[in-house]
Amino acid sequence: MRKIEISTSVTVYTDVSELSSEDKMLMDKAVEARKKAYAPYSKFKVGAALLLENNQIVLGNNQENAAYPSGMCAERVAIWKAGSEFPGVKILKLVISASSSITKVERPVGPCGACRQSLSEYEIKQKQPFEVLFMGELGEIVKTASLLSLLPFSFDSSYL
Ligand code: THU
């Protein structure tokens, strides 16, 4: 038997004023995308902004459906948009913003497990990590150096 320790180091910023100008600009874009989300059922809106290495910014937001599981998260809308519009162009950063019209979201909202798995495919494919930054509507921002650092023991093509 052996035990291993899994650790991840993240940076936590107190608020947007501590972000670099590029990160702040991307967070503004994620907020812009979030405001256009279609979330009539959960009232929980999420926006995602991807910065690509060709300097394109690709936005996504959650799109809900009356048949609940048929909706889609902001992060996967964004990553699939990037993958379909700019195949082969590397992703440098993913920035996420979330808010609710029911409660004040003052804690950073990380990507859900299904999104982490979907996103991991792209980080592995491009053989280069991308940074992930996430926040709620207000307050702290968490920044990680790579997507895979948020998904230990992820499933990938090497198992197939
Ligand atoms: N949602 C996202 O867009 N991203 C996440 O990572 C978590 C959840 C959306 C899905 C659904 O429309 C709403 O937030 C509530 O779960």
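Both ligands and their constituent atoms are indexed starting at 1 by order of listing. Values below: every heavy atom of this structure, side chains too, minus hydrogens, waters and symmetry copies.
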What one should report as the nearest heavy-atom pair of Ile6 and Phe153 is CD1-CE1, 3.2 Å
Looking only at protein heavy atoms, what sits closest to atom 9 (C) of ligand 1 is Asn62 ND2, 3.5 Å
For this session: Report yes if some N/O of Cys112 lies less than 3.5 Å from some N/O of ligand 1; otherwise report no.
Result: yes
In ligand 1, the atoms that come under 4.0 Å of a heavy atom of Ser42 are 13 (C), 15 (C)
Among Gly71, Pro111, Cys73, Ala37, the residue with a heavy atom nearest to atom 1 (N) of ligand 1 is Cys73
| said: Looking at Lys90, is its backbone amide N or carbonyl O close enough to the side chain of Gln128 to form a donor-acceptor pair, meaning the two atoms are under 3.5 Å apart? | reply: no
The single option from Leu94, Leu133, Val132 that satisfies side chain to side chain contact (heavy atoms under 4.5 Å, CB included) with Thr144 is Val132
Atom 16 (O) of ligand 1 protein-contacted, heavy-atom criterion under 4.0 angstrom: no
Check: Taking Lys43 for the side chain and Pro40 for the main chain, is one N or O donor matched with an acceptor at less than 3.5 Å?
Finding: yes
Requested in this report: Kindly assign one of parallel, tilted or perpendicular to the pair Phe155 and Tyr159, based on the angle between their ring planes and the thresholds 30° and 60°.
Outcome: parallel
Check: of Glu75, Met72, Glu64, min heavy-atom distance to atom 12 (O) of ligand 1 comes from Glu64
Main-chain N/O of Ala39 paired with Asn62 side-chain donor or acceptor, under 3.5 Å:
no
Among non-hydrogen protein atoms, atom 3 (O) of ligand 1 lies closest to Ala74 N, 2.9 Å
